[in-house]
There are 2 protein chains.
Amino acid sequence: MSVQDKNNQPEENSRRMELVRAAAKLFRDQGYERTTVRDLGNAVGLQSGSLFYHFRTKEEILVAVMALGISATTEQLGATIARARNPRDKLSALFHVHLSSLLGDNQAALEVMLYEWRSVSAAAKPGLIVLRDRYEALWQEVLDEAAAAGLVKQDTRLLRRTLLGSLHWSVQWYKSEGELSVDELAERMLALVLLK
Amino acid sequence: MSVQDKNNQPEENSRRMELVRAAAKLFRDQGYERTTVRDLGNAVGLQSGSLFYHFRTKEEILVAVMALGISATTEQLGATIARARNPRDKLSALFHVHLSSLLGDNQAALEVMLYEWRSVSAAAKPGLIVLRDRYEALWQEVLDEAAAAGLVKQDTRLLRRTLLGSLHWSVQWYKSEGELSVDELAERMLALVLLK
DNA sequence: GTCTATAACGGGATAGAC
DNA sequence: GTCTATCCCGTTATAGAC
């Protein structure tokens, strides 16, 4: 069973999902290495030993967290783009979906994906890279269309990388208690890149 | 003795500096938690116990690494800006210095600063935040000047954050073996933000 | 499917000799 | 300033009862 299979059917085995969601928060807050299997068990009301009925190793939990975060975001982005009627709306979707995922629903899992990459074993990386590439391919398509329509500059491959960097970095400084909503932030970041 | 004092005089105690540099590489490659004091000792030809003559705790080494990375970069940026003759040259300096530091000289230490923040104790954070704020203040000044000269858009506070995010992210994908030099990359990233 | 108990190991840090 | 030896603790993972 591949990484993707496990997470495209969230209904299967709700105990697993419950654990993955709890792990996402713990890994984000404390880091993967500092989070013990006892912490994980505690979070879902299990003894540490019982975890190993659901996952073979602690790392398997980490991979499941990352796969969930990126898959869910890709799905949302795909659906939103499909509904958009023109290049401008698709471009806007990139910012809104990415930020609402990163600063909202999938915050914990995506932060883990961004900051715990080094803890993923070489064996598990390829599967996750496939998922990431799928997400970035969506971005590339939309940016190419936007450039063709004169909405953004032509250097779209570098543009994709700089924009993704900008958006990722927002988790470091954005405060939901501040005056700026996530959607407002998306609009202002979009404005910075539009040629008008 | 404060964090800054220790690192503004690199001559004092070259054993310390040797250790900090080696630690930067290990922390970047393996992560702080996965790097043991035995690894650190090995890297400089010391037994693990001997490290504790130079530093009281492992975390003190982490803080020294971060302080070194950010201080050295701030110094370089300050010096380069001082030599620049107009807003356009100062703006350009932001990109060139940041990237040559992040992808060159101070790569390891700066990556540790970006990716191991969670491992810094609450007690040590304020000192590092002061150093980071000093660096970002330089950026803000230059961007404000550039906006006043019509070189970039007016939303300079958000612009600072998005640009720093873009630049930080470059460590994730830039390959020095590729066709693109660091200076060329800086120019192309600058071009993406210029209003022409 | 979960619990208890524990194996097997490696971690940071200290003490005292040199 | 460095080494050796070691303390003490927490870690992941397993085994077998229930």
Side-chain angles (χ1 to χ4, degrees), chain A residues 1 6 9-66 112 116-124, chain B residues 1 6 9-66 112 116-124:
Chain A
M1 197 184 224
K6 279 183 188 152
Q9 298 134 14
E11 352 285 350
E12 67 126 336
N13 205 339
S14 82
R15 204 81 168 108
R16 256 186 85 100
M17 277 302 290
E18 188 191 352
L19 181 51
V20 169
R21 286 188 209 287
K25 291 211 176 70
L26 286 169
F27 290 164
R28 174 197 54 182
D29 294 340
Q30 313 178 351
Y32 171 73
E33 293 289 345
R34 295 173 94 92
T35 301
T36 69
V37 292
R38 290 173 181 84
D39 292 335
L40 294 170
N42 258 329
V44 293
L46 284 183
Q47 295 301 311
S48 64
S50 308
L51 294 179
F52 294 92
Y53 170 80
H54 301 281
F55 293 90
R56 258 173 323 187
T57 64
K58 183 185 166 191
E59 197 218 347
E60 210 173 277
I61 304 179
L62 175 65
V63 173
V65 166
M66 292 183 174
V112 171
E116 299 292 348
W117 189 250
R118 246 178 341 209
S119 294
V120 178
S121 68
Chain B
M1 200 184 223
K6 278 182 190 153
Q9 297 131 19
E11 351 286 350
E12 67 126 332
N13 206 340
S14 82
R15 204 79 168 110
R16 257 186 84 101
M17 278 300 291
E18 188 189 352
L19 180 51
V20 170
R21 286 188 210 285
K25 290 209 178 69
L26 286 170
F27 290 163
R28 174 196 54 182
D29 293 340
Q30 314 179 351
Y32 171 73
E33 294 288 345
R34 294 173 94 92
T35 303
T36 69
V37 292
R38 289 169 180 84
D39 291 336
L40 293 170
N42 258 330
V44 293
L46 283 183
Q47 295 301 313
S48 64
S50 308
L51 294 179
F52 294 91
Y53 170 80
H54 300 281
F55 293 89
R56 259 174 320 189
T57 64
K58 183 186 167 193
E59 197 218 348
E60 210 172 276
I61 304 179
L62 175 64
V63 173
V65 166
M66 292 184 175
V112 171
E116 297 293 348
W117 188 249
R118 248 183 338 213
S119 295
V120 178
S121 69

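Naming convention: chains lettered A, B, ... in sequence-line order (proteins, then strands); numbering from 1 in each chain.
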Discussion item. Side chain of A:His54 only, heavy atoms from C-beta on: which candidate in D:dT2, D:dA13, C:dT2 is closest?
Written reply: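 Output: C:dT2.
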
In whole angstroms, how far is the [atom2] atom of [N] from the [atom1] atom of [X]?
X: A:Phe55; N: C:dT2; atom1: CZ; atom2: C1'; answer: 16 Å
X: B:Leu62; N: C:dG12; atom1: CG; atom2: P; answer: 13 Å
X: B:Tyr53; N: C:dG16; atom1: OH; atom2: C1'; answer: 16 Å
X: B:Ile61; N: C:dA13; atom1: CD1; atom2: C1'; answer: 12 Å
X: A:Arg34; N: C:dG11; atom1: CZ; atom2: C1'; answer: 13 Å
X: A:Phe52; N: C:dA5; atom1: CZ; atom2: C1'; answer: 15 Å
X: B:Glu33; N: C:dG10; atom1: CD; atom2: P; answer: 18 Å
X: A:Leu51; N: D:dA13; atom1: CG; atom2: P; answer: 10 Å

Worksheet item: Who passes side-chain hydrogen bond (donor to acceptor under 3.5 Å, both in side chains) against A:Ser121, sequence neighbours left out?
Response: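 Per chain and number, A:Ser121 pairs via side-chain hydrogen bond (donor to acceptor under 3.5 Å, both in side chains) with A:Glu59.
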
Worksheet entry | Least distance between heavy atoms, B:Leu51 atom then B:Leu19 atom |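 Looks like CD2-CD2, 3.7 Å.
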
Worksheet entry | Closest contact, heavy atoms only, A:Glu33 versus B:Glu33 |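 That would be CB-CB, 3.4 Å.
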
Discussion item. For the CZ atom of A:Arg16 and the OH atom of A:Tyr53, what is their distance to the nearest 0.5 Å?
Written reply: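 Answer for the CZ-OH pair, A:Arg16 versus A:Tyr53, is 11.0 Å.
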
Discussion item. Working to the nearest 0.5 angstrom, can you tell me the gap between A:Asn42 CG and A:Thr35 OG1?
Written reply: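 One finds 12.0 Å between CG of A:Asn42 and OG1 of A:Thr35.
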
Discussion item. I want to check one thing: is the phosphate of D:dT12, taken as OP1 and OP2, less than 4.0 Å away from some side-chain N or O of A:Arg56?
Written reply: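 So the side chain of A:Arg56 is outside the cut-off, no N or O lying under 4.0 Å from OP1 or OP2 of D:dT12.
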
Please tabulate, one pair per line, each protein N/O and nucleotide N/O from nucleotides 3-7 of chain D that are separated by under 3.5 Å, including the distance.
from	atom 1	to	atom 2	distance (Å)
D:dC3	OP2	B:Gln47	N	2.8
D:dC3	OP2	B:Ser50	OG	3.0

Worksheet entry | Test item: B:Glu116 and A:Arg118 side chains (from C-beta on) under 4.5 Å apart, heavy atoms |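 Result yes, sub-4.5 Å side-chain heavy-atom pair found.
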
